[in-house]
Amino acid sequence: MSLQTATTARVELARAKVNLALHITGRRSDGYHLLDSLVAFPQIGDRIAVEPADKPELRLEGPFARDLDGPTEHNLVLKAVSGFAARANITMPSVRLTLTKRLPVASGIGGGSSDAATTLRLLEDFTGTYLSEDAMHALALSLGADVPVCLYPEAQRMSGIGDELAPGPVLPNCGIVLVNPKVGVSTPEVFAALSHRDNDALPLVPEKFETLSQLTAYLVSCRNDLQGPAESLCPDISAVLAALQEDTRIEFSRMSGSGATCFGLCDQKHAMDLERSLRAEHPNWWIASGPLT
């Protein structure tokens, strides 16, 4: 199959994946944990640009670029490129990918997975070669359990090991603040510290949340089963949650994924002011805000 090369750069936001609720419901014989999670993709994330080049190339920029291993063959973005070429039966695209890394690495908000999924979407448009939904899902899953859900950055319910996806509810117009204490948390250690692995699934998920209060009321009935174990390993998470809970403008807060990033939901008009005040009080933390959807 021939490859038609685009002439202009394409740019997309690789949105953070936030687990609004995360229930661990079991563990398979191969060690993978089963989950039931409601995820959202706020307008906060990394930036990926793709443009023509003489050969495949990855450039790393941004405040967290130095925390990546570098543009090696182990990088998920490059794996997405080679995997796409193989699945699409085309030669390796001669593209320059520029990843502006704005999200902290290994922080429980799916940054690497979203980067890979965004790369796959960009490559389809760039090459004019489109995979079937099943083929794209299989390719994404081969890159990581969180990559399939990131292919469609909108509210979803994910279950199984993350590979079983269903449309999520319509979320209200509101703001979100993400806070990470810039302290690493080992996901395997968090799972190892989990005392109960056969927990109940999410309560019935409504089709739509009209208001932030409705969403908050639902989330109160849910959990992040990894939050307790993560806090026991990383007390800084407790400090972040305390800071979010102390501000009356934040209506709900919780840790995302396996940590250490936590989120606070608020009225959209308060999001930027919250970011500024938290930055002033905690200059060593990573803090970002934006619309929830």
Side-chain angles (χ1 to χ4, degrees), residues 15-28 32-45 108-110 113-114 117 133-134 136-137 140-141 144-178 187 190-191 194 196-230 241 244-245 250-259 261-268 271 290-293:
R15 297 188 180 206
K17 175 186 71 69
V18 176
N19 298 91
L20 298 177
L22 175 57
H23 292 199
I24 303 301
T25 59
R27 188 179 187 181
R28 301 195 317 193
Y32 280 95
H33 284 81
L34 302 174
L35 56 87
D36 192 13
S37 181
L38 177 60
V39 299
F41 292 86
Q43 293 183 36
I44 303 167
I109 49 177
S113 296
S114 186
E133 185 175 341
D134 288 344
M136 180 62 88
H137 184 277
L141 187 60
D146 274 351
V147 180
V149 73
C150 296
L151 285 172
Y152 307 101
E154 55 193 28
Q156 294 181 67
R157 183 175 183 175
M158 56 188 302
S159 54
I161 62 170
D163 58 329
E164 299 175 18
L165 306 174
V170 177
L171 298 177
N173 292 323
C174 65
I176 186 170
V177 181
L178 299 181
T187 297
V190 171
F191 275 103
L194 187 64
H196 300 287
R197 292 177 169 81
D198 297 310
N199 303 296
D200 57 321
L202 293 176
L204 179 66
V205 182
E207 292 185 2
K208 183 177 184 178
F209 293 105
E210 296 281 356
T211 64
L212 175 56
S213 295
Q214 289 180 359
L215 175 59
T216 295
Y218 176 78
L219 293 179
V220 168
S221 71
C222 304
R223 311 176 305 276
N224 180 347
D225 288 327
L226 299 181
Q227 182 172 310
L241 289 168
L244 292 173
Q245 291 161 5
I250 292 179
E251 298 195 21
F252 182 84
S253 60
R254 175 172 282 157
M255 187 186 80
S256 176
S258 59
T261 302
C262 301
F263 67 88
L265 300 179
C266 62
D267 191 299
Q268 179 59 54
L292 178 61
T293 59

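Worth saying up front: this structure is predicted, and the values here are computed from it rather than measured.
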Given side chains that start at C-beta, do those of [X] and [Y] come closer than 4.5 Å, heavy atoms only?
{"X": "Ile24", "Y": "Leu34", "answer": "no"}
{"X": "Met255", "Y": "Leu226", "answer": "yes"}
{"X": "Tyr152", "Y": "Leu165", "answer": "no"}
{"X": "Ile109", "Y": "Ser114", "answer": "no"}
{"X": "Leu35", "Y": "Met158", "answer": "yes"}

So which atom in [X] and which in [Y] form the shortest heavy-atom distance, rounded to 0.1 Å?
{"X": "Asp200", "Y": "Thr25", "value": "O-CG2, 4.0 Å"}
{"X": "Pro291", "Y": "Ile176", "value": "O-CG2, 4.1 Å"}
{"X": "Leu202", "Y": "Ser37", "value": "CD1-C, 3.9 Å"}
{"X": "Leu178", "Y": "Phe263", "value": "CD2-CB, 3.7 Å"}
{"X": "Leu20", "Y": "Arg254", "value": "O-NH1, 2.9 Å"}
{"X": "Arg15", "Y": "Pro153", "value": "CD-CB, 4.2 Å"}

What donor-acceptor contacts under 3.5 angstrom involve side-chain atoms of residues 205-212, with partners at least two apart or in another chain?
unit_1	atom_1	unit_2	atom_2	d
Thr211	OG1	Gln214	N	3.2

For [X] and [Y], indicate whether the former's side chain and the latter's backbone hold a donor-acceptor pair under 3.5 Å.
{"X": "Ser256", "Y": "Asn19", "value": "yes"}
{"X": "His23", "Y": "Arg223", "value": "yes"}
{"X": "Asp163", "Y": "Ala145", "value": "no"}
{"X": "Glu154", "Y": "Ala40", "value": "no"}

- [ ] Carefully, step by step, assess Arg157 and Asp36 under the rule side chain to side chain contact (heavy atoms under 4.5 Å, CB included).
- [x] CA-CA 7 Å; Arg157 183 175 183 175; Asp36 192 13; 2.7 Å; yes
What's the spacing between [X] [atom1] and [Y] [atom2] if we round to 0.5 Å?
{"X": "Cys266", "Y": "Leu292", "atom1": "SG", "atom2": "CG", "result": "9.5 Å"}
{"X": "Thr216", "Y": "Ile250", "atom1": "OG1", "atom2": "CD1", "result": "11.0 Å"}
{"X": "Leu215", "Y": "Leu38", "atom1": "CG", "atom2": "CG", "result": "7.5 Å"}
{"X": "Phe41", "Y": "Gln156", "atom1": "CZ", "atom2": "CD", "result": "5.5 Å"}
{"X": "Leu151", "Y": "Glu133", "atom1": "CG", "atom2": "CD", "result": "9.5 Å"}

Open item on the list: Apply side chain to side chain contact (heavy atoms under 4.5 Å, CB included) to residues Cys150 and Lys17 and explain how you reach the verdict.
Closed with: CA-CA 7 Å; Cys150 296; Lys17 175 186 71 69; 4.2 Å; yes
Open item on the list: Can you confirm whether more than 12 heavy atoms, excluding those of Asp267, are under 6.0 Å from its CG atom?
Closed with: yes
- [ ] Please assess Val18 against Val39 for the test side chain to side chain contact (heavy atoms under 4.5 Å, CB included), listing each intermediate value before the final yes or no.
- [x] CA-CA 5 Å; Val18 176; Val39 299; over 6 Å; no
